[in-house]
Protein chains: 2
Amino acid sequence: MRARKFAYAQVCVYAYPCGTLTPVTTPPPGLRERKKRATREALREAALRLAVEHGPDQVRVEDIAEAAGVSPRTYNNYFASREQAIVAAVTADRETRIAAAVAARPAGVRLADAVTEAVIEQYTNAGEREREALLLIATGTALREAFLDAATGIEPPLTAVFAERLADTGAQTARVLAASVAAAVRIALEGWLRSAGASGADEAAGATGACGPEGGSGAGGLVVPSGSLPGLLRAAMAPLAPAFDAAEGRGRP
Amino acid sequence: MRARKFAYAQVCVYAYPCGTLTPVTTPPPGLRERKKRATREALREAALRLAVEHGPDQVRVEDIAEAAGVSPRTYNNYFASREQAIVAAVTADRETRIAAAVAARPAGVRLADAVTEAVIEQYTNAGEREREALLLIATGTALREAFLDAATGIEPPLTAVFAERLADTGAQTARVLAASVAAAVRIALEGWLRSAGASGADEAAGATGACGPEGGSGAGGLVVPSGSLPGLLRAAMAPLAPAFDAAEGRGRP
DNA sequence: ACGCAAACTTGCGTGCGCGCATTTTTCTTG
DNA sequence: CAAGAAAAATGCGCGCACGCAAGTTTGCGT
């Protein structure tokens, strides 16, 4: 029995310096940082372009790396999986923008409304090319999964803004609420992609591997007839509103 | 540019027949099914045993398969990753038991309380050997991640029971609440493992790759001093209670 | 009992994720 | 600006996940 050589690592080794938590003041970005951003974007763009040109399954990381002018090994210093680069080309830094949008709302409005609107706002900006890419994403299981997983990225920044607004309540509450929002968004996107790419074969089994009840022909077919993304997002966020109100100390306005 | 040969598949190909949604009546399991269960358990047990004996990073899937008397290829017909088998030996079918425990509560009690108690109950049954295994799991990043991901498994069964109790509300609500519970449980377990294996090196960066604020020395250190698992679970579930009450139509009892 | 179809196993081959060690590039400091 | 430190890119190797295309086993109808 030989030993395994490694024990997993944190993804994106030097992707996010961690000490530089999005400095509000951008001093001079420095050459190092600029090159890194450039490489990252080159990889994203190359990945998306190749995926569109030849189909998502005809592209290897080697191809993406070559198109971006870096070694295959370097690719994995930026993205932990083959799909992440493609997804990142569409997702970009949506998470940060959502958090910023929430923070920008006046302090008087319900937190639940603020976050709902912010999410819808940021997910509805379909910039022509994004639509095309999303259509591509909906076609394959792997890409779809990667796209949905990317939605989890909103959790950390959301936790931060929530913690600020709910200072008196525990920090745990902020984390839980942020995670719940992420889950809701994921569910909404899942339903949306299901209707968007409703021409594929395997539509019965849920994307999360749900084999239990609630499979294909269960109840709830008439509730929310798989409509527009904003509608789905609103519907998914609605059940969480009472939790936000309670955390804010509102007595059902 | 050669083509990639595959496009991902559903994990655990014939692990859950899907058509057989946990039949309440177990007719006669049949030889086929019994063998499958035996193989699955053999793999789980072998994986855990080898991991304990030689350390989690010294075990390859090849070793596990050999110890269980199947081919390496067969291993991946049952588990999608090397860690899943080890985790499964501890997790077993906790998800199903949690859902059953929730369904077993009298219909009069608050749903929020029912699910909280059910979760605590099922996660607190530490059967001596499980404690040892969990200690093992806490030591490595990969295993820890797999263990936390496994908590997501409660989502489908919970969705089912929620949908039953909240029949009048939409099925979407059930899904969102179930996902939120899963997220809360994950957060609680995360905090618990952090305190349990608090002798490792890299404890600063969050397990979810959280690099932003809320890192190591942020605010909230005095809220919930990383205590017992039941306490952590209760604290994580608390913020969701209002959402459950609202879904049940309760006006703050 | 026989044979057939479906379920499951297995060997093979490919691409992928990443630890490790080395080289190259960028940032500091005197 | 030169030298050293820090960060990043690269090459290499290993183990892993899984499609595919055989084999083998189990269940069923006649």
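Each chain gets a letter, A, B and so on, in the order the sequences are listed, and its residues count up from 1.
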request  = For B:Gln122, look at atom CD and say whether over 12 heavy atoms of other residues, nucleotides or ligands are found less than 6.0 Å away.
outcome  = yes
remark   = Out of D:dG11, C:dC8, C:dT10, minimum distance to the side chain of A:Ser71 belongs to D:dG11
request  = Measure the CH2-CG distance between B:Trp192 and B:Leu232 for me, rounded to the nearest 0.5 Å.
outcome  = 9.5 Å
request  = Respond yes when some side-chain nitrogen or oxygen of B:Lys36 is under 4.0 Å from OP1 or OP2 of C:dA7, and no when none is.
outcome  = no
query = What is the distance from CZ of B:Arg34 to P of C:dA7, rounded to the nearest Å?
reply = 19 Å
query = Once you round it to whole Å, what is the distance between C1' of D:dA21 and CG of B:Asn77?
reply = 14 Å
message = Could you measure the distance from the CG atom of B:Leu48 to the CZ atom of B:Arg44? Nearest 0.5 Å is fine.
response = 10.5 Å
key: Rounded distance in Å - CG (B:Leu43) to P (C:dC8)   = 15 Å
task = Run the salt-bridge test on A:Glu145 and A:Arg186 with the 4.0 Å N-O cut-off and return the result as yes or no.
result = yes
inquiry  = Using 0.5 Å steps for rounding, measure from the CG atom of B:Asp57 to the CG atom of B:Leu143.
reply    = 7.5 Å
message = I need the CD-P distance between A:Glu83 and C:dG15, as an integer number of Å.
response = 15 Å
query = Residues in salt bridge (charged side-chain N to carboxylate O under 4.0 Å, His left out) with A:Glu62, at least two apart?
reply = A:Arg60
message = If you assign each of B:Glu62 and A:Thr74 to its closest nucleotide in DNA chain D, which residue comes earlier from the 5' end?
response = A:Thr74
ask   = Can you tell me how far P of C:dG19 sits from CD of B:Gln58, to the nearest Å?
value = 15 Å
note = Scanning both residues in full, the closest heavy-atom pair of B:Pro157 with B:Ala99 reads CB-CB, 3.5 Å
query = What's the CD1-P distance between A:Ile86 and C:dC16, to the nearest Å?
reply = 10 Å
query = Does A:Arg73 get its side chain close enough to the base of D:dG13, under 3.5 Å, for a donor-acceptor pair?
reply = no
query = Roughly, in whole Å, what's the span from CZ in A:Arg82 to P in D:dG19?
reply = 13 Å
ask   = Where the side chain of A:Tyr78 is defined as all heavy atoms beyond and including C-beta, which of D:dA8, D:dC16, C:dC8 is the nearest nucleotide?
value = D:dA8
key: Sugar-phosphate or base contact per nucleotide [nucleotides 25-30 of chain C; S, B, -; heavy atom under 4.0 Å]   = SBS---
Protein-nucleotide distance (B:Asn76, atom CG; C:dC8, atom C1'), rounded to Å = 15 Å
